[in-house]
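First up is the structure itself, then whatever we jot down about it.
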There are 2 protein chains.
Amino acid sequence: MSPRTEAANQQIRKERQRNILDAALKLFAIKGLSATKISDIAVEANLSYGLIYHYFNTKDQIFTELVKEAMKISINVFKQGSKLPVGPLEKIKIITEKIIDDGYSGRGVYYFLLMIEAANSDIVPAEVKKFRERRKGIYHRLLTPIIIEGQRIGEIIEEEPVRLATAYFALIKGLALLYPRINLAKELPTAEIVLNLFKKKRD
Amino acid sequence: MSPRTEAANQQIRKERQRNILDAALKLFAIKGLSATKISDIAVEANLSYGLIYHYFNTKDQIFTELVKEAMKISINVFKQGSKLPVGPLEKIKIITEKIIDDGYSGRGVYYFLLMIEAANSDIVPAEVKKFRERRKGIYHRLLTPIIIEGQRIGEIIEEEPVRLATAYFALIKGLALLYPRINLAKELPTAEIVLNLFKKKRD
DNA sequence: GTCTATAAAAGGATAGAC
DNA sequence: GTCTATCCTTTTATAGAC
C-alpha cells in the first residue's frame, strides 16, 4: 500500500472538518450551545471524541465558525433578493420563499436556528458577540429600503418601516423555531400569508 | 427574642420559593435551561447556593414548576380573550395587545421565552415533555375557531386557518425572542401591524 | 489521521454547622 | 431558615498509542 499523498490528506482534513461542522450545526440548532456536548457531536458525526479536538480547539470555536457561515448565507439571501428587477413586494416574496423553501429545508433551517441562538443568547462566545455587534442592524438595513420603496409606490401598508421589518423578522424567526415541530404539509404558512403582513387592507 | 411562629415561617418559605422561581425564570428565559447554573440562580436571587436545594430538589424541578405556571397563564390569555363579546378580529387584537403590552413586560416576557424553550427544546425534563404532549395543539385549538368565525363574517382573509394560526404564533414567538434586544419605543410592532396578517387585502 | 485513556475543570447535589 | 464546605458526576480538554 502506497502512502497517502499530501493532496489526499488535505482532502480528508477538509471532509472531516465539514463532517464535524455539519454535525455540530444540527445539534447547536436543536439543543443550543450549552446543551450540546462534544461527545454528542462526535456521535452525530460518527467520529471519535478525540478527533474533534484534532480539528478544532474548543467547542466555542466550532460554534463561532458556524455562526460566521450562517450570517454570510442569510445576508446573501437578502442582498441577492434586493437586486432582482421586480417590485418591492415581489422581492420580499422571493426572499421569503427562498427562506421558507430552500433555506428552511436541509441545512438551511439549522443555519437559521443557529442564528437565533447567536443573535439572542447571552452565553455565546465573546467572538460571536463582537461579530454580532459589528453586523448589528444589518438585516434591518437590507429590508427597510425595500419596505419604503413599497410604500412609495403604494404596494405596502403605511406603517412605520422599522416596526414592519421587526414584525417580519419576528415571523421568520418564529417559523424557524416552529419548523422542526410542525406538520409542514398542513401547517407551514405560505409565503403568501407571510406577505399579507405588508399588504394594504381593504377599506 | 421570641421564636418565630409557624405562620411566620410559612410566610418566609413562600417568599423564598417565589424569590427562587423569579430568579430562575429570568435566567432560564434568557440563557436557557442548560446554560443556567444553580449558582447563577443563587446569585440572582441573593441567596446562598445551598438554600436553593433546601426549597427544590433539582434544577429540573424548578424548570418544570415554571413551565406549568407559564402555560397556565398563556392559555388563560387566550381563553379570556375568546369569551369577550366582540368580533373575531377584535378578540385577536385584544389577545395580542395583552401579550405585547402586559404579557411581554415585567415577568410576562420571561414566561413566554420560557414557553419557547419548553415547547421546542429536546433537552427539557421528561415531565415537561409529558406536560407538553398532553397540551399539544392547545393554542391552535383556541385560536382556530376565532379565525374561522372571522372568515365566516368576512373579517379575515381566506387562507387556511391552520396556516394562518401558525403564522400568528410564529410572529408572537419571534417577538418574544426579539423583545429583550430591540428598542421597544421605536421597533416593537404595534398590535395593528400584527393584526394586518389576518386582514383581507386589496386585489 | 484516528483512536482510547487520562487529567483537569465545572457544575449538580448533599452534609452538617450555625 | 440559612450558610459553607465537601462529594461526586459530567464534561471539557490533553496525551500518547496505533
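These values consider heavy atoms only, across backbone and side chains, with no hydrogens, waters or symmetry-generated copies. Chain A is the first sequence line, chain B the second, and so forth, proteins listed ahead of strands; every chain is numbered from 1.
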(message) Under 4.0 Å between a side-chain nitrogen and a carboxylate oxygen: does that hold for B:Glu160 and A:Lys186?
(response)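 The answer is no: the pair does not qualify as a salt bridge.
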(message) Looking at A:Lys200 and A:Glu159, is any side-chain nitrogen of the basic one under 4.0 Å from a carboxylate oxygen of the acidic one?
(response)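 Salt bridge flag = no for A:Lys200 with A:Glu159.
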(request) Tell me which residues in residues 9-27 of chain B put a heavy atom below 4.0 Å from DNA chain C, sorted by number, or none. (result) none
(request) May I ask you to decide if the ring planes of A:Phe78 and A:Tyr168 are parallel, tilted or perpendicular, using 30° and 60° as cut-offs? (result)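 Answer is perpendicular, since the angle exceeds 60°.
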(message) Applying ring pair (Phe, Tyr, Trp, His ring centres under 6.0 Å), can you list everything that pairs with A:Phe56, at least two apart in sequence or on another chain?
(response) none
(message) If the condition is side chain to side chain donor-acceptor pair (under 3.5 Å), which residues does A:Lys37 pass it with, not counting sequence neighbours?
(response)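 If we apply the side chain to side chain donor-acceptor pair (under 3.5 Å) test to A:Lys37, skipping adjacent residues, there are no hits.
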(message) Under the rule for side chain to side chain donor-acceptor pair (under 3.5 Å), what residues qualify as partners of B:Glu15, not counting sequence neighbours?
(response)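 Partners of B:Glu15 under the side chain to side chain donor-acceptor pair (under 3.5 Å) test: B:Gln11.
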(request) Ignoring backbone atoms, test whether B:His54 places a side-chain nitrogen or oxygen under 4.0 Å from the OP1 or OP2 oxygen of D:dG1. (result) yes
Starting at atom [atom1] of [X], determine the distance to atom [atom2] of [N], rounded to an integer number of angstrom.
| X | N | atom1 | atom2 | result |
| --- | --- | --- | --- | --- |
| B:Ile52 | D:dT4 | CD1 | P | 13 Å |
| A:Asn46 | C:dT2 | CG | C1' | 14 Å |
| A:Asp40 | D:dT10 | CG | P | 13 Å |

(request) If a protein heavy atom is under 4.0 Å from the base, mark B; if only from the sugar-phosphate, S; if neither, -; do that for nucleotides 12-18 of chain D going 5' to 3'. (result) BBB----
(request) Looking at every strand, decide which applies to B:Phe56 at a 4.0 Å heavy-atom threshold: base, sugar-phosphate, or nothing. (result) nothing
(request) Sequence neighbours left out, what passes side-chain contact (heavy atoms from CB on, under 4.5 Å) with A:Ile75? Give chain and number order. (result)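 A:Ile75 satisfies side-chain contact (heavy atoms from CB on, under 4.5 Å) with A:Lys79, A:Arg135, A:Ile138, A:Tyr139, A:Leu142 once adjacent residues are dropped.
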(message) With a 4.5 Å cut-off on side-chain heavy atoms, are A:Ser74 and A:Phe112 touching?
(response) yes
